[in-house]
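Just below is one structure, and these are the notes that go with it.
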Protein chains: 2
Amino acid sequence: MLSFTEENYIKAIYHLSDAGQLAVSTNDIALHLQTKAATVTDMIKKLANKDLLAYEKYYGVSLSKKGKTTALYIVRKHRLWETFLVKKLGFQWDEVHEVAEQLEHIQSNLLIEKLDAFLGHPETDPHGHPIPDKNGKVKQVKQFSLSQGKNGSKYIVSEVKDGSATFLQYLAKYDLYPGVTIQIKEILPFDGSMIVQLQNKQKITLSKATSENILIKNNE
Amino acid sequence: MLSFTEENYIKAIYHLSDAGQLAVSTNDIALHLQTKAATVTDMIKKLANKDLLAYEKYYGVSLSKKGKTTALYIVRKHRLWETFLVKKLGFQWDEVHEVAEQLEHIQSNLLIEKLDAFLGHPETDPHGHPIPDKNGKVKQVKQFSLSQGKNGSKYIVSEVKDGSATFLQYLAKYDLYPGVTIQIKEILPFDGSMIVQLQNKQKITLSKATSENILIKNNE
DNA sequence: TTATTTTTTTAGATTAATCTAAACTTTTAT
DNA sequence: ATAAAAGTTTAGATTAATCTAAAAAAATAA
Ligand SMILES: [Mn+2]
Ligand SMILES: [Mn+2]
Ligand SMILES: [Mn+2]
Ligand SMILES: [Mn+2]
């Protein structure tokens with residue numbers, strides 16, 4: 001059984017490696033976990049001994065099969081809890097992350113399977129992130145940045161990239177959540193901002209930076 | 001902020017001291033937490049330094065006001081989570097304790113207030129234990145052991161003393177949960193066992209040991 | 001291709017929680 | 001009242017997670 005700390009390392013490496021694809025450097029991990037490189041070196045040695053990752057001195061780490069499975073389960077727990085907090089307890093979507101950071105470490109398979117069922121086996125969390133299933137399978141959605149959308153087209157918001165509370169609160173003001181349909185009404189060339197129409201017909205202007213952080217999918 | 005370990009000590013001392021009344025010995029704590037007396041001595045010194053308890057060398061500890069408040073909040077969290085697991089997730093009442101032991105350490109006042117509201121501000125947990133309110137107030141019920149009940153009388157089951165999985169599973173077989181009404185039909189003098197009638201009119205025999213571990217209240 | 005900068009690792013400490021064994025204090029029994 | 005037993009504390013180690021500072025390796029620049 002892994003400690004909270006070990007679990008946090010595995011999850012950090014998973015995210016930093018883009019779902020276990022690339023190798024991750026000591027410094028990247030240290031930065032992400034707000035710790036020091038020397039600490040990371042010690043920890044990755046330990047995780048390598050547990051066969052959760054492959055470690056090549058001076059060249060970073062990459063998750064093993066076992067490491068990926070472990071990471072996916074932690075991500076599954078994190079996202080199920082976030083969904084619970086928003087859907088059942090009435091949290092705002094910008095309030096859930098820190099709590100889920102704690103809840104993701106609770107050890108009980110029964111709990112997670114029952115929670116999953118209670119939530120109706122959701123496929124995405126409140127931020128549109130896919131929830132790995134019981135077997136660690138992640139449903140991939142064909143999505144792209146709103147900044148790449150075409151003028152006049154309708155799309156469904158699928159995910160938000162920036163998870164900061166301020167950004168989430170800003171989007172919440174317009175009920176701009178994953179699942180809602182929007183239409184691009186105008187794209188302003190000089191600064192890349194765009195005017196989009198919301199479900200309630202209201203039109204709002206989104207900066208380039210904002211539209212880049214909203215992912216959308218086609219509205220078939 | 002207290003560590004999990006510190007919280008577990010405070011809660012253990014609270015329970016062992018009968019809600020903070022009596023002083024508790026080093027050995028009692030060690031036994032309860034399945035650790036060694038030397039370890040306990042170290043920890044209670046630390047907790048004394050944090051003003052959570054008063055420690056007199058060789059004479060045990062007693063919780064301070066602050067210690068009691070802390071304990072009550074942990075107990076509140078534990079029991080709210082147990083209630084959630086049974087009422088919302090469909091756990092059996094013998095399956096919740098270990099999970100609640102973990103969940104009780106999650107730090108988020110917002111979470112607990114929302115969970116409390118979601119559950120409809122329950123007054124007792126699945127085992128009939130009172131849930132301290134937001135301010136740490138515990139509702140006391142006038143209750144006594146079923147073994148003290150009078151032949152012929154009807155009572156409401158209010159609490160179970162023994163929390164072992166086997167005992168809880170045994171009672172579950174007869175739907176003998178807090179809240180159900182039972183009537184004592186016969187008390188057998190030679191071994192103190194009794195025959196009680198359940199809500200569904202079924203009659204079952206309970207040993208003395210069993211009836212001593214079921215608490216009841218008057219059925220006004 | 002060397003020198004400089006950046007990154008990573010190692011060495012040596014520190015804090016929290018735990019243990020065993022020995023010393024000490026209190027309680028109980030003779 | 002003394003001796004034995006029981007309970008508690010202290011002393012000294014250990015493991016996990018962390019840090020700073022120094023050494024080493026790799027990457028980059030001159
Ligand atoms: Mn999150
Ligand atoms: Mn999320
Ligand atoms: Mn419990
Ligand atoms: Mn309980």
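So that the names make sense, note that chain A is the first sequence line, chain B the second, and so on, each numbered from 1. Everything numeric here is computed off the predicted structure, so don't read it as measured data.
- Applying the side chain to side chain donor-acceptor pair (under 3.5 Å) rule to A:Gln107 yields no partners; only residues at least two apart in sequence or on another chain are considered.
- Taking atom NZ of residue B:Lys45 and atom C1' of nucleotide D:dT8, one finds them 10 Å apart after rounding to whole Å.
- Screening residues 64-88 of chain B for ring pair (Phe, Tyr, Trp, His ring centres under 6.0 Å), with sequence neighbours left out, gives A:Phe84-B:Phe84, B:His78-B:His97, B:Trp81-B:Phe84.
- Under the 4.0 Å criterion applied to side-chain N and carboxylate O atoms, B:Asp133 and B:Arg76 are not assigned as salt-bridge partners.
- For the pair B:Met43 CE and C:dT15 P, the interatomic distance rounds to 16 Å; values are reported in whole Å.
- For residues 137-149 of chain A, the side-chain hydrogen bond (donor to acceptor under 3.5 Å, both in side chains) pairs, not counting sequence neighbours, are A:Glu123-A:Lys139, A:Gln143-A:Ser158, A:Gln143-A:Glu159, A:Ser145-A:Ser147.
- Looking at residues two or more places apart in sequence or on another chain, you find no side chain to side chain donor-acceptor pair (under 3.5 Å) involving A:Asn49.
- For A:Gln102, the side chain to side chain donor-acceptor pair (under 3.5 Å) criterion is met by no residue, not counting sequence neighbours.
- Going from atom CG of A:Asp42 over to atom C1' of D:dA16 covers 10 Å, rounded to whole Å.
- Sequence neighbours left out, the pairs with a member in residues 168-179 of chain B that pass side-chain hydrogen bond (donor to acceptor under 3.5 Å, both in side chains) are B:Asp94-B:Gln169.
- Within residues 48-61 of chain B, the residues that have a heavy atom under 4.0 Å from DNA chain C are, in order of number, B:Tyr58, B:Tyr59.
- By the salt bridge (charged side-chain N to carboxylate O under 4.0 Å, His left out) test, A:Lys50 pairs with A:Glu6, sequence neighbours left out.
- Within residues 21-39 of chain B, the residues that have a heavy atom under 4.0 Å from DNA chain C are, in order of number, B:Thr35, B:Lys36, B:Ala38, B:Thr39.
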